[in-house]
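If you're wondering where the values come from, they're calculated on a predicted model, not measured in any experiment. Numbered from 1 within each chain, the chains take letters A, B, ... in sequence-line order.
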Amino acid sequence: MQAREFSPPTSPRRIIYPPPMLSNSPITSLLDSLLRCPSSIQTRSQAQQLHALLLKSHPRPSPLLFSLYSALALVSDALLAFSADPSPSSSCYAEVIRCSTARGLFDHSLSAFVRMRSSGTPLGHAVLPSVLKSCAAIRDPHLGAAVHGFLIRSGWIADFFTANALLNMYCKLSRAEDERRNSPAGAMGRDGANGDLTSFRSMQVQGSCLKSVRMVFDEMPERDVVSWNTLIAGTAENGMYLEALDMVKGMSVAGLKPDSFTLSSILPIFAEHVDYKKGKEIHGFAKRHALDSDVFIGSSLIDMYANCTNVDYMCRVFDLLPNPDAISWNSTIAGLVQNAMFDEGLNLFREMLLLQIKPMPVTFSSIMPACAHLTRLHLGKQLHGYVIRGGFNRNVFVSSSLVDMYVKCGNVHIARRVFDGMPSPDIVSCTAMIMGYALHGPAQEALSLFRRMEMEIGKPNHVAFVAVLTACSHAGLVDEAWEYFHKMSKNYGLTPRLEHYAAVADLLGRAGKLEEAYDFISTMHIKPTASVWSTLLAASRVHKNAKFAEKVSAKILEIEPKDMGSHVLMSNIYSAAGRWKEAAKVRMTMKHKGMRKRPAYSWIEVKNELHAFMAHDKSHPWYDKIMKALEVLTEQMTREGYVPNTEDVLHDVEEEQKRHMLCGHSERLAIAFGIISTPPGTTIRVTKNLRVCVDCHTATKFISKIVGREIVVRDLNRFHHFRDGECSCKDYW
DNA sequence: ATAGGGTTAG
């Protein structure tokens, strides 16, 4: 086998090298023909026998041997043979560099290249694109620049494939540069979690690698579709959306038609900017050019429609994809879950498993939030088992979603165990854990984890501050909250957002500092929304200050005349004060404005199934048994000293009737069902879509003591752990 | 031989 000489277009340097030794024995041609037919060799030992024969008959390993080893995924054998060879031929080098890069062994690829250069072996074709890809993969800008210099000196830069690979390398390096600049705050979220950095970035000088991309592109004497697509993808990935779109135009002007690569790199732009109209236009373009059956475009379209909340279109794209792959399935599952269609997401996930499509780490991080939202602890545990068996728990996305799932399903200890098992926790997983402590009560744990995050993990972002402020708020830590609130702008350059103001206002309100909270909101640097004001409404109810509530309510209705929470809470406050006429008036207003109260419901997972209850809803098959159990329980509770607290009952009815109404509250039905359908001692976990009412809170404390069980109730705002007549919230919620 | 799609915390 003769090494094929391939001269670069202009070669300023001539390298003298010894000619390869040739052997024309019949055995060699037999071996070569065997090597050319890799399907005839299927085991490692066959490959090694062949290798041995080859060594005896042939002075140098054939490059085909390396291809064979690579095809059998035996790269270590290939590398061994390569290192044993005192002077590999040019094509052996090429083959080793190519296989190593293709198999992700970038260091091996690059060291082979270095050895090749120092031995003076001439470069075969197809070597440099692999070398450039390896430089990009190991994110080494210095090595990349050195290879760039070599390309210029040797003239290889004039080769299309090489120049395009160089472009791509600078795009990848530029993204690495960008990530380094933002670290250790972590990667940028699509929702603009690091908004301040985004605006900051547009002001500062772009990284040198992005400049190199432009430079290489501009200096290319000719550009093909790949050059344009690489430039466009790199520009879009670096967040320069308008420029990327302009380049698509530039490409057309240059006489090149956008293809499936072009479309799949610009579609994420419309997804991110929630530009449904433009995204749909691209969809139309894809259809007209028969590109809509491409899985890459399909997955991008699915993601774009999901982000634009058009679930119908998203499903249609998925259904019409002729050959959806695992990523198309993932995008659709993620799209459903992100649009709060949790059951549909879980069903599609099951369908995927039934069709034997192998789930990937992303599949789990996409589906886990569905378990978290639905409080499906048992299902989540099953998936956790799958994750462990598949070795997916090394993935930070998967582990973070697991931490969050256990937190939301009420098991903060297992969440912590998963968190502690993470080899390198990041801001997101830390925040999930801090939020877990915030929701469950142990504020000191939240604060100490936050301190650890600052020291060991990285710069906290907006979400992390929301979590720590929520922890302070739920525990009534006023001084600490102020400290963190000031710290975020002073130490980290983060401008407080609505949710941070809301957390502080909520805290001040809970602590009874109503006027201080009012002034705080009034002097915010951004215009307060109805939801910020309504934190004070809840506070004025807890502190029974109807006058203050009226003042706040007026503020809210100024902004949102149809704000549901404000109406309901005002009605509650009037009812509690016995001002039935005013309460009725609020309800009349709601009717006039065409508002309907969101129905309260609670649910519980028993034997891997969800059971949902609405107040006074008799549709559950066990309804009679549940009522019977509640009767017995109420009797015991009364004996223990339970006095119904009827102030949350909205209606102007007799006391006796009110008590009956309290008994029918959805969470009480769910708790009673949990007691009679699970073995004694089992923890009961109930989720409610609204806040727990005062009476149910008291009743649940009694029930936990009577039945000797821990009862975990997740409401709209936080968790309540009832045990032995006490609640973890210490009646402060 | 070079280019493309999906995920976690509020």
Side-chain angles (χ1 to χ4, degrees), chain A residues 94 97-98 101-102 124-133 136 159-169 171-172 186-187 189-191 193 224-234 236-237 259-268 271 294-304 306 324-335 337-338 360-369 372 392 395-405 407-408 426-436 438-439 460-470 497-500 502-503:
Chain A
I97 290 171
R98 198 193 57 75
T101 305
H125 72 302
V127 171
L128 289 166
S130 290
V131 171
L132 290 162
K133 195 174 172 176
D159 175 57
F160 247 133
F161 285 100
T162 305
N164 284 342
L166 181 69
L167 266 183
N168 186 46
M169 179 195 76
C171 288
K172 294 265 156 63
R190 163 173 291 180
D191 52 358
D224 64 0
V225 192
V226 178
S227 328
W228 279 98
N229 282 341
T230 307
L231 177 72
I232 291 167
E237 266 180 15
D259 64 0
S260 68
F261 283 84
T262 327
L263 297 195
S264 57
S265 38
I266 57 163
L267 269 169
D294 181 285
V295 274
F296 285 85
I297 291 189
S299 303
S300 302
L301 283 172
I302 287 168
D303 185 52
M304 184 274 293
D325 62 5
I327 292 183
S328 328
W329 280 84
N330 284 333
S331 313
T332 313
I333 291 171
V337 175
Q338 286 159 1
M360 299 184 287
V362 266
T363 321
F364 290 97
S365 45
S366 306
I367 200 65
M368 214 56 85
F392 299 141
N395 180 300
V396 271
F397 286 84
V398 175
S399 294
S400 301
S401 69
L402 275 169
V403 169
D404 186 56
M405 185 274 293
V407 160
K408 300 259 169 67
D426 63 348
I427 300 286
V428 173
S429 44
C430 241
T431 305
M433 197 64 237
I434 292 170
M435 200 58 186
L439 295 176
N461 60 16
H462 279 109
V463 191
F465 274 102
V466 171
V468 77
L469 287 172
T470 306
R497 297 184 186 174
L498 272 175
E499 45 277 33
H500 306 99

Quick one: does A:Asn330 reach the base of B:dG5 with a side-chain donor-acceptor pair under 3.5 Å?
no
Mind checking A:Val407 for me? I need base, sugar-phosphate or nothing, with any heavy atom below 4.0 Å counting as a touch.
nothing
Criterion side-chain contact (heavy atoms from CB on, under 4.5 Å) against A:Met169, the qualifying member of A:Asn164, A:Val131, A:Thr230, A:Leu132:
A:Leu132
Verdict with reasoning, A:Asp325 to A:Ser328, per side-chain hydrogen bond (donor to acceptor under 3.5 Å, both in side chains)
CA-CA 5 Å; A:Asp325 62 5; A:Ser328 328; 2.8 Å; yes
Go through B:dG5, B:dA9, B:dA3 for me and flag the one nearest to the A:Val428 side chain.
B:dA9
Measure from the side chain of A:Ser400, starting at C-beta and using heavy atoms only, and say which of B:dT8, B:dA9, B:dA1 lies closest.
B:dT8
Could you give the CG-to-P distance, from A:Leu166 to B:dA3, as a whole number of Å?
12 Å
Side chain of A:Val463 only, heavy atoms from C-beta on: which candidate in B:dA9, B:dT7, B:dG5 is closest?
B:dA9
Among the candidates B:dA9, B:dG6, B:dT2, find the nucleotide nearest to the side-chain atoms of A:Lys408.
B:dA9
Nearest-nucleotide pick for A:Glu237, side chain only, options being B:dT7, B:dG5, B:dA9:
B:dG5
Residue A:Asp303, side-chain atoms from C-beta onward, closest of B:dA1, B:dT7, B:dA9
B:dT7
Would you classify A:Ser300 as touching base, sugar-phosphate or nothing, given that sugar-phosphate means primed atoms plus P, OP1 and OP2, and contacts are heavy atoms under 4.0 Å?
sugar-phosphate
Between B:dT2 and A:Lys172, is there an OP1 or OP2 to side-chain N/O distance shorter than 4.0 Å?
no
Of the nucleotides B:dG6, B:dA3, B:dT8, which one has an atom closest to the side chain of A:Val226?
B:dA3
Stacking between A:Phe397 and B:dT7, defined as ring centres under 5.5 angstrom apart with planes under 30°, is that present or not?
yes
Mind checking A:Asp224 for me? I need base, sugar-phosphate or nothing, with any heavy atom below 4.0 Å counting as a touch.
nothing
Distance check: side-chain N/O of A:Asn164 vs OP1/OP2 of B:dA3, anything under 4.0 Å?
no
May I ask you to evaluate whether A:Gln338 reaches the phosphate of B:dT8, defined as a side-chain N or O under 4.0 Å from OP1 or OP2?
yes
Using the side-chain heavy atoms of A:Ile327, tell me which of these nucleotides is nearest: B:dG5, B:dT8, B:dT2.
B:dG5
Got a donor-acceptor pair under 3.5 Å from the side chain of A:Ser366 to the base of B:dT7?
no
Counting side-chain heavy atoms from C-beta on, which of B:dA3, B:dA9, B:dT7 comes nearest to A:Ala432?
B:dA9
Out of B:dT2, B:dG5, B:dA9, minimum distance to the side chain of A:Ile427 belongs to B:dA9
Sugar-phosphate, base or nothing in reach of A:Met368, heavy atoms under 4.0 Å
nothing
Check this for me: does the side-chain of A:Ser299 come within 3.5 Å of the base of B:dG6 through a donor and an acceptor?
no
